[in-house]
Structure formats: structure tokens, C-alpha cells
Amino acid sequence: MRVFFIIAFNFLLVTFAACSENQGPDNNEKPNSSVSDKNLQNAMQIVDNAISCYFTGSGMSMSRYYNPYTKIRSDEKGSVWMYTASIEAVNAILHGLVAQKENGNTDVYDENFNRYKDLLEKLYDNADYYAGTYELISYTQTKTWTVYGVNRGAAKGTAKVEGIENVYDDQMWLIRELLESYKLTNNAEYLSKAEYLTEYVLDGWDCTFDVYGQERGGIPWGPGYVTKHSCSNGPMISPLVWLHEIYKDKDDDITHRYIDPANKLTRKTVQKKKSEYYLEFAEKVYQFQKKYLLRSDGVYDDMMGGCSPSKPETETVYGVTYRKGGTCRDRVGPAITYNSGTMLSGASDLYRATGKSTYFTDAKNLADASFKYFAKLGETKDGYYTYNISGFRNWFNGVLMRGYMDFYPYYKNVDKYLNSFQMNLDYAFDNFLYENMLPTNLLVGWSYDNSKNRVEGMFTFAFAAEYAVLSRFELEK
């Protein structure tokens, strides 16, 4: 049984981090700073330390775990998803710095923006250790793609990506961050790569027809899977809306591949305006997930299982081989915060882009239902809300928090929900900060057994990203 504690001298001794001489901003430098500025300073403090704790070498190899008490990095490397969490944190800081500048705090922007922009470029450059190339037979074509595998390769571009070695949701999280980076830096390479990966993801949309003549829809977890997950659909909605907004005043076209609804077999192509194409797909993906995975209690289940066929199969149509469509009949739980969080962000973005009241209603219902379902007042500590942190939920919970932030401009009641995250982070920062790191359990702290105090890298970056998002929230309030 793991026993946790608070020892006062630990906090008195923590004046510098173990992993780097350059510790970045000192949270105590500006005792009279606003909550917004303090949040951003905390985010930068955590990230600066985490980069040197979890990453090694010029190739920025990321260890999955680091223990601040034993100073040991794990030999196990982080997956591309875990690696992307570091990009997310840097983007969140850059976004926070821009917000500070827009609100008159130019000093913090001038001191930090370029160094985080440079760090962002290094992270993307070394993400190519996860990249690889393979040929995929999809529902409408056979094409060679360069995408991101789950695991890191020995050299850039050599990662295994065939079959189950890559999944669509990993590409989606990268697309999201690439577009955020493009909006923050205006680097066209980020937009180009985001659109390429978007083409790959939408190539996975099941555009075949069922026995009733309806498009099956949905994106399976990956090209090597048949199950259709919340995590392989919901995260794509917001990036598609952002792409629509980027191109809404432009005439750029894109090739849309589809199956002729007249005979349900013939593969066709048509040129469409990018702005229309991306928004159309955003709404299609949203409607698929809402139709199949929204629960009666207002939150989202994990996936559609019970699929036929039970593994990817191909079929020959007019002498050409394509992936065979599949039908999944079983809704499978549990409800997890990030599945509701991506849909909350998606509904918020669709409401902004279309003005359709149904998206506002959906988002309001989901915001209220998700907080009621996932946040448990006083379960761990009186006056604080507990969120399940088993498995990868510390990162998942941050996705829900971002959903609340995305909806805040339209529904101020979520300020209570956002404040629950602020309180938990501050409690941990004030009571458990050790070597510029926070423990996995923000409300309980570290273990007596130092060997059990390792922290997932993606959790550390998630805490920093949450602080940076909350910095913007304080300015919007």
C-alpha cells in the first residue's frame, strides 16, 4: 500500500531543480504579480525543468518517466503521443505569452517568446524519429504515406509504421499542435504538415455503405484496427474547424475521394474548396461520435466494438483492391474525460464557425454533465474536486479542461469547472513542489518510498499546459 506524506523541510530545501542549471522563471520573483502571470511563470518553470529531466541528446530522446527523488530517468522511451505532450505544453506557453503581450505585459513576451519558439522547432525536428513510410490500402485508394509511428525509431524516418504500428489519434494530436504552432508563429511548414496528416486521417474515414444504403462513417483507431473510438474521431473535429477558418476567405481547392452513392461501389474524385471540405468533415465526424457514443448521462463512451469484419479486410471492386467497410454494433465504456473534452472543444468550435444553436446546446449540456460526472467534491480533500487519475487520466483530464476553456467565451458557468483545476494545481505547487516537479497525485503528494516517486513525462507537461491555459483564462475573466 502506497503511503503519502507532507514533510515541511522538503519544501524549504527546494530552491533549485536537479536537472538543469538554467531553471527559467522563478515563481517567487514577482510576489505581487497577477494570477495570470503567476500561472504562466509556473508553466515555464515546470517545462524548463522537464526538458532537461526527460530529454537526452541532440535527438531529444524522451524518457517516459523521471523520478526527482532518485534522479533516475527510465530506459523506456515515451511514445509519439507522450512526446507530443511536450509540444502541447510549449504551444500553450507561447499562446499564454501572446495573451500577456496583448494585455500590456510585453516584458514577459520579449524575454521568452523566441526561446520557446526555438524549442518548438527542435521538438518538431526530432519528432521525425517517430516518422516512417509505408503503403496503405484504404477505402478509396492505395497510397504511400509518411506518418508517425507509436514508437521511436533508431534514426529519423525509420520508425515502424505498418499496420498497428501507427494509429490515427496520434496523427490527430500532432495535427492539433501543428495548427496551433502555425497560428502562433506563422511558419507555413507547420500548416503544410498538418494538412498532409489531415489528408491521411480522412483517408481513414469509412465512406463505404451499409445494407441500408447509408454511409458507415467513423474513423477506426488505426489502419490496423476495425474498432471505431472516441479518441480516433473526437480529436479531429477542432483541427478541421481551424483549417476551415484558415481557408474560409481563400479559393484553395482539395481533392475529395468518395464512393458514388448511386451504385455504392465506384470510387470517384471531385475538387472542393478547402474551406467547405474541412467544415463538412468536421460536422460529419462530430455527428458520427454524437450518434454512436453519447451516453444517456450526457458524457461519451470510449469506442464502438463488436465489429464485422473483426479485423481489417480488403475487397476487389472492378479489379481494384480497397479496404472493406465495417460495421460496429457495441458501444463500449468507460466514459473518460478526454473523450468528452474533445467533443466539448469540437462543439464550441463548430458553434463559433457555423452559429448553429444545436452546437451551443450540445456544448452546454456536455460541460455541465461532464463536471457532474467526473469531478468529485471532497473525495480526497475537503473543498477540492477530485478527478480520476488512474492510467493516463492525468493527461486526459487536461483535455477536458481545455474543452471548458474553449467553451468559456460562450458559457461563463464553466469558470467554476476551470477553477477546480486551478485549485488542484496550486495546492500541489504550494505544498508538494519538489525539484521543480509536481507529483502524479496533486492532492495527496509524494510517497515515503522514494523509488515510487517517478512521474510520467506527459503528466508533467500536462500540468504545465494546464497552468498556461489557465493563465489565458485569468486574462479573459
Side-chain angles (χ1 to χ4, degrees), residues 134-145 147 163 166-169 171-172 175 195-241 243-244 253-293 303-329 346 350:
Y134 81 121
E135 184 179 82
L136 174 65
I137 299 173
S138 73
Y139 301 104
T140 60
Q141 64 177 332
T142 297
K143 183 174 178 177
T144 298
W145 299 93
V147 297
N166 88 88
V167 288
Y168 287 122
D169 58 319
Q171 323 304 319
M172 293 177 188
I175 292 165
E195 288 198 81
Y196 177 84
L197 292 177
T198 295
E199 182 185 359
Y200 175 69
V201 166
L202 296 184
D203 186 60
W205 174 264
D206 189 347
C207 57
T208 63
F209 293 87
D210 61 23
V211 294
Y212 303 105
Q214 301 297 312
E215 186 181 55
R216 289 188 172 93
I219 302 169
W221 190 20
Y225 298 89
V226 293
T227 48
K228 295 174 179 176
H229 295 236
S230 284
C231 72
S232 60
N233 287 275
M236 197 62 219
I237 299 164
S238 287
L240 285 167
V241 176
L243 284 166
H244 155 73
D253 288 338
I254 193 169
T255 300
H256 172 44
R257 297 181 177 274
Y258 67 103
I259 298 175
D260 186 356
N263 68 6
K264 311 297 189 293
L265 294 173
T266 304
R267 271 62 179 178
K268 289 189 171 185
T269 62
V270 65
Q271 294 299 114
K272 302 190 71 170
K273 285 189 64 175
K274 283 186 176 181
S275 59
E276 297 174 359
Y277 173 80
Y278 289 132
L279 184 58
E280 176 184 316
F281 253 112
E283 295 197 89
K284 286 172 67 172
V285 174
Y286 181 90
Q287 293 304 327
F288 173 85
Q289 184 147 323
K290 180 181 175 182
K291 177 179 179 180
Y292 290 104
L293 289 166
M303 70 174 193
M304 293 299 296
C307 306
S308 178
S310 59
K311 61 181 180 179
E313 295 180 357
T314 59
E315 59 182 352
T316 301
V317 180
Y318 302 137
V320 181
T321 302
Y322 300 103
R323 175 166 176 162
K324 188 176 182 179
T327 300
C328 301
R329 296 180 174 83
L350 282 168

Colleague: Report yes or no: does Gln171 contribute a side-chain atom to a donor-acceptor pair with the main-chain N or O of Val167 at less than 3.5 Å?
Modeller: yes
Colleague: Looking only at heavy atoms, which two atoms of Ile219 and Asn233 are closest? And how far apart?
Modeller: N-OD1, 3.0 Å
Colleague: Inspect the surroundings of NZ in Lys324 and state if more than 12 heavy atoms from other residues, nucleotides or ligands are less than 6.0 Å away.
Modeller: no
Colleague: Looking at side-chain heavy atoms only, is the closest gap between Tyr168 and Cys231 below 4.5 Å?
Modeller: no
Colleague: If you take all heavy atoms of Gly163 and Pro223, which pair is closest and at what distance?
Modeller: O-CG, 3.9 Å
Colleague: Could you walk me through whether Gln271 and Thr255 pass the side-chain hydrogen bond (donor to acceptor under 3.5 Å, both in side chains) test, one step at a time?
Modeller: CA-CA 5 Å; Gln271 294 299 114; Thr255 300; 2.6 Å; yes
Colleague: Nearest heavy-atom pair of Gly325 and Pro309: which atoms, and what distance?
Modeller: O-CD, 3.6 Å
Colleague: Less than 4.5 Å apart, any side-chain heavy atom of Tyr322 and any of Ile259?
Modeller: no
Colleague: For a 4.5 angstrom cut-off between non-hydrogen side-chain atoms, does Trp221 reach Asp169?
Modeller: yes
Colleague: Less than 4.5 Å apart, side chain to side chain, heavy atoms only: is that true for Lys228 and Phe288?
Modeller: yes
Colleague: Decide yes or no for Asp203 and Lys143: does some side-chain heavy atom of the first lie under 4.5 Å from some side-chain heavy atom of the second?
Modeller: no
Colleague: Side chain of Thr227, backbone of Gly305: donor and acceptor closer than 3.5 Å?
Modeller: no
Colleague: Side chains of Trp145 and Glu199: closer than 4.5 Å at any heavy-atom pair?
Modeller: yes
Colleague: With the side chain counted from C-beta on, respond yes when Tyr139 and Cys207 share a heavy-atom pair under 4.5 Å apart, and no when they do not.
Modeller: yes
Colleague: Test of understanding: with ring-ring contact (aromatic ring centres under 6.0 Å, His included), list the residues that count as partners of His244, not counting sequence neighbours.
Modeller: none
Colleague: Spell out, as yes or no, whether a donor-acceptor pair under 3.5 Å connects the side chain of Arg216 to the backbone of Gln214.
Modeller: no
Colleague: Nearest heavy-atom pair of Arg323 and Pro220: which atoms, and what distance?
Modeller: NH2-CG, 4.0 Å
Colleague: With heavy-atom distances below 4.5 Å as the criterion, would you say the side chains of Leu240 and Met172 are in contact?
Modeller: no
Colleague: Between Asn166 and Tyr200, does any side-chain donor sit less than 3.5 Å from a side-chain acceptor?
Modeller: yes
Colleague: Below 6.0 angstrom between ring centroids: does that apply to Tyr277 and Phe281?
Modeller: yes
